[in-house]
Every structure is written in structure tokens, then in C-alpha cells.
A.B. asks: 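Before anything else, here's the structure in question.
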Amino acid sequence: MNKEVLERAAHSGRMGHFYIFHGGSPRDRRDFALRLAMILNCQGLEKPCHVCPSCRKIQSGNHPDVSILEPLKASLGIEQVLNWQETVYRKHYEGEYKVFLVEQADALTAAAANALLKIVEEPPGETVIILSAQNAEKLLATVRSRAQLLYFAEGGEAGEEGEGRPEWTGALRLSGGSYALAEQMMHHGPETIADWVGRFRRAVGARDFVGLFSLFPVESEEASLYLQALAVQFEQEMIQGKSAVSALLAVRDALSALQQANSRLVIEVLALRLFEQGGYGA
């Protein structure tokens with residue numbers, strides 16, 4: 001299947017209900033998913049017209065029947081998928097089709113993937129669900145077998161502007177290979193993120209609470225990127241037997257706490273928790 005075939009299916013109202021977009025860049029996949037959403041819901045004669053109320057709402061991210069689900073932390077967990085499920089089964093508000101894009105789908109936990117599988121096996125009518133993943137092979141085989149796959153060749157926004165640049169290589173390493181997270185890190189500065197994470201780890205390793213003071217102030221958005229980079233490191237080291245599972249769990253709990261608590265408090269509590277665990281070593 002290619003883009004032209006899928007666009008023709010959208011124009012004729014014969015799209016399937018479940019797709020996996022993989023390869024290329026996250027922005028390429030997102031832009032094409034939103035283009036399909038506009039074709040399906042456009043009120044103009046030439047679809048998509050880009051000027052009707054429906055197209056404008058989709059372009060601005062304000063259409064009630066078109067939504068994007070992104071991980072709130074390092075992985076996309078079952079609780080987030082179950083909350084999203086309620087949205088999937090709500091009635092249409094104003095569009096002909098409901099379109100849902102799940103970004104970083106290769107970050108789905110096994111439990112979340114199985115919960116999603118139940119949704120795509122019994123989807124509501126006139127609903128299209130699109131999983132966006134850099135590597136489709138990371139998705140459960142049972143999920144892949146129920147979807148139509150569309151591969152995006154390299155050379156999109158990330159490929160043209162990022163690949164080959166030291167900054168992009170660093171961002172991709174810090175993100176654990178997640179292009180969407182790497183793009184966020186590029187805006188903040190991979191070197192800044194790596195420096196902060198390094199200083200945090202040195203302070204924890206030395207059990208130096210005073211050493212944490214140099215890490216602040218930290219805004220919530222910055223803290224989220226720092227902790228996601230830290231989670232990637234711990235996860236990789238855990239596989240190698242260099243870090244304990246408890247260290248990774250502590251970081252993931254801190255990422256969840258960021259939604260409700262002050263970022264400085266969250267980071268200090270994380271450091272104290274790691275102190276109590278004896279650091280982060282396995």
C-alpha cells in the first residue's frame with residue numbers, strides 16, 4: 001500500500017479502520033494522518049480544501065473528532081490507553097469520521113498494546129485509528145497482523161535537517177531511538193540535557209544532596225525531558241545489568257508525579273529515593 005492508494009480510499013469513503021504508519025520522520029507520518037482526516041471530514045468540493053471550518057479545525061488541532069495520543073512519560077501505558085478508549089467510543093460531534101493518531105506507538109507497553117487490540121477488534125463505525133511508529137517490528141505481532149501498514153521512506157523533515165548532524169545524533173541517543181522525543185530534545189538542546197543528567201547522576205552517586213542545588217531552577221517541560229533521558233539510560237543499563245530495576249521505576253514514578261507536583265520537589269524526592277536505594281547500580 002502507498003499514499004496514493006490510501007488517499008483514493010479516503011476520497012471514496014472506503015478506508016479501513018486500523019493502520020500502522022512506520023519509517024520516515026514523526027512529522028511526515030503525522031502530517032499525512034491529518035491530511036487523511038481532512039479528506040474524510042472536508043466540507044468543500046476539492047478535498048481537502050484547507051479553508052472549510054472542518055479543515056481549519058483539524059489544521060489547528062481543535063477538531064473534536066480528530067485527536068492525537070502521545071505518551072505522557074517514557075512508555076505508553078495501559079492506564080493512558082484505557083482513558084483514551086473512552087474517547088474512541090464517544091459519539092461523533094460534528095465530523096463524518098473520527099480519526100485517532102497514536103504517536104510513538106512503539107513505546108506501548110505489552111499490557112497497553114493488548115488493551116488497544118481490543119479496541120481495534122471492535123471499533124465504532126466511521127472511525128479510523130492510526131498507529132505511528134518508527135519501528136513497526138517493536139509492536140506486538142498480533143497488533144501488526146490486524147493493521148494495514150504504510151511505510152514512509154527516509155528523507156522527511158528529520159532526515160533532511162537532522163540526520164548526520166551531531167546534535168541530532170545526540171538527541172536520538174538520549175531519546176533511546178524515539179524520533180518524536182528526539183525532536184523535542186532538539187528544541188531544548190541535547191548537550192544541555194546530557195549535561196543536566198550527568199550532573200544529577202554524579203550528585204546521586206556521591207550522595208551529595210547539596211550538589212543538587214546547581215540543577216535548579218527547572219521548568220516542568222525541561223524536567224520531563226531530563227527525566228525521560230534518565231529513564232532511557234537506566235533502561236539500557238538495566239538490560240546490561242548495570243542498573244537496578246528500582247532505579248528505573250523511581251524515575252517513571254517521578255515522571256508521573258510531574259503532572260501534579262512542583263518539578264524541583266519531584267527531582268529532590270527522586271534523588272532521596274535513589275539515595276535510600278543505594279544509588280542506581282544493579
A.B. asks: Honestly curious: do I68 and L82 fall in one hydrophobic cluster under the side-chain, below-4.5 Å linking rule?
C.D. replies: no
A.B. asks: Kindly indicate whether the side chain of L108, heavy atoms from C-beta on, has any atom under 4.5 Å from the side chain of V81.
C.D. replies: yes
A.B. asks: By the ring pair (Phe, Tyr, Trp, His ring centres under 6.0 Å) test, which pairs, at least two apart or in different chains, include something from residues 99-129?
C.D. replies: W84-F100
A.B. asks: Please give me the minimum heavy-atom distance between G77 and T109, naming the atom from each residue.
C.D. replies: CA-OG1, 3.9 Å
A.B. asks: To the nearest 0.5 angstrom, please state how far the CG atom of L40 sits from the NZ atom of K98.
C.D. replies: 14.0 Å
A.B. asks: Determine whether a donor-acceptor pair (N or O, by modelled atom type, separation under 3.5 Å) exists between the side chain of N114 and the backbone of A110.
C.D. replies: yes
A.B. asks: List the residues meeting side chain to side chain contact (heavy atoms under 4.5 Å, CB included) with D31, not counting sequence neighbours, and say none if there are none.
C.D. replies: R27
A.B. asks: Between atom SG of C49 and atom CE of M38, what is the distance when rounded to the nearest 0.5 Å?
C.D. replies: 9.0 Å
A.B. asks: Treating S54 as the side-chain partner and N41 as the backbone partner, does any N or O pair qualify as donor plus acceptor under 3.5 Å?
C.D. replies: yes
A.B. asks: Using 30° and 60° as the class limits, which term best fits the ring planes of W196 and F200: parallel, tilted or perpendicular?
C.D. replies: parallel
A.B. asks: I want to check something: taking the side chain as every heavy atom from C-beta on, are H63 and I58 in contact at a cut-off of under 4.5 Å?
C.D. replies: yes
A.B. asks: So do the side chains of R273 and D253 get within less than 4.5 Å of each other, counting heavy atoms only?
C.D. replies: yes
A.B. asks: Give the cluster check for I39 versus L45: same hydrophobic cluster or not, with ILVMFWY residues linked at side-chain heavy-atom distances below 4.5 Å.
C.D. replies: no
A.B. asks: Which atoms form the tightest heavy-atom contact between L69 and Q80, and what is the distance?
C.D. replies: CD1-NE2, 3.5 Å
A.B. asks: Atom CD of residue position E221 - does it have more than 12 heavy atoms of other residues, nucleotides or ligands inside 6.0 Å?
C.D. replies: no
A.B. asks: Using side-chain heavy atoms (C-beta onward) and a distance below 4.5 Å, is H50 in contact with R35?
C.D. replies: yes
A.B. asks: Quick one: ring-ring contact (aromatic ring centres under 6.0 Å, His included) partners of Y97, sequence neighbours excluded?
C.D. replies: none
A.B. asks: Counting only heavy atoms not in E46 (residues, nucleotides, ligands), do more than 12 fall under 6.0 Å from its CD?
C.D. replies: no
A.B. asks: In the single-linkage hydrophobic clustering (I, L, V, M, F, W, Y; side-chain heavy atoms under 4.5 Å), do F216 and L274 co-cluster?
C.D. replies: yes
A.B. asks: May I have the list of side-chain donor-acceptor pairs in residues 262-269 shorter than 3.5 Å, sequence neighbours left out?
C.D. replies:
unit_1	atom_1	unit_2	atom_2	d
N262	OD1	R264	N	2.8
N262	OD1	L265	N	3.1
S263	OG	V218	O	2.5
R264	NE	E268	OE2	3.1

A.B. asks: Could you tell me whether the side chain of V99 reaches within less than 4.5 Å of the side chain of L36, counting heavy atoms only?
C.D. replies: no
A.B. asks: To the nearest 0.5 Å, what is the distance between NZ on K91 and CG on D65?
C.D. replies: 13.0 Å
A.B. asks: Under a 4.5 Å cut-off applied to non-hydrogen side-chain atoms, are E137 and R144 in contact?
C.D. replies: yes
A.B. asks: Would one find more than 12 heavy atoms of other residues, nucleotides or ligands at under 6.0 Å from atom CD of E94?
C.D. replies: yes
A.B. asks: Is the closest basic N to carboxylate O distance between E103 and R29 below 4.0 Å?
C.D. replies: no
A.B. asks: Do you know the tightest heavy-atom contact between R199 and S214?
C.D. replies: NH1-O, 3.1 Å
A.B. asks: Do side-chain atoms of D106 reach the backbone of N135 as a donor and acceptor pair under 3.5 angstrom?
C.D. replies: yes
A.B. asks: Classify the angle between the aromatic ring planes of F152 and F21 as parallel (below 30°), tilted (30 to 60°) or perpendicular (above 60°).
C.D. replies: tilted
A.B. asks: Could you tell me whether the side chain of L150 reaches within less than 4.5 Å of the side chain of K3, counting heavy atoms only?
C.D. replies: yes
A.B. asks: Report the distance from atom NE2 of H11 to atom CZ of R8, rounding to the nearest 0.5 Å.
C.D. replies: 10.0 Å
A.B. asks: Please tell me whether V143 and I78 are part of a single hydrophobic cluster in this structure, the criterion being side-chain heavy atoms less than 4.5 Å apart.
C.D. replies: no
A.B. asks: What are the two closest non-hydrogen atoms of L139 and A133, and how far apart are they?
C.D. replies: CD1-CB, 4.4 Å
A.B. asks: Apply side chain to side chain contact (heavy atoms under 4.5 Å, CB included) to residues L76 and Q104 and explain how you reach the verdict.
C.D. replies: CA-CA 8 Å; L76 189 54; Q104 300 182 53; over 6 Å; no
A.B. asks: Distance from E126 atom CD to E96 atom CD, nearest 0.5 Å?
C.D. replies: 8.0 Å
A.B. asks: Give every donor-acceptor pair under 3.5 Å between a side-chain atom in residues 116-125 and any protein atom, sequence neighbours left out.
C.D. replies:
unit_1	atom_1	unit_2	atom_2	d
E121	OE2	R146	NE	2.9
E121	OE2	R146	NH2	3.0

A.B. asks: Any idea which heavy atoms bring M185 and A171 closest together, and the distance?
C.D. replies: SD-O, 3.8 Å
A.B. asks: Indicate the atoms forming the closest heavy-atom contact of F275 with D208, along with that distance.
C.D. replies: CZ-N, 3.9 Å
A.B. asks: Taking atom CD1 of I129 and atom CD1 of I20, what is their separation to the nearest 0.5 Å?
C.D. replies: 11.5 Å
A.B. asks: Let me have the donor-acceptor pairs involving side chains of residues 226-236, under 3.5 Å, with sequence neighbours excluded, atom names and distances please.
C.D. replies:
unit_1	atom_1	unit_2	atom_2	d
Y226	OH	H188	NE2	3.0
Q228	NE2	S224	O	3.4
Q228	NE2	S224	OG	3.0
Q233	OE1	R201	NH1	2.7

A.B. asks: Kindly work out whether a path of hydrophobic side-chain contacts (I/L/V/M/F/W/Y, heavy atoms less than 4.5 Å apart) joins L72 to V88.
C.D. replies: no
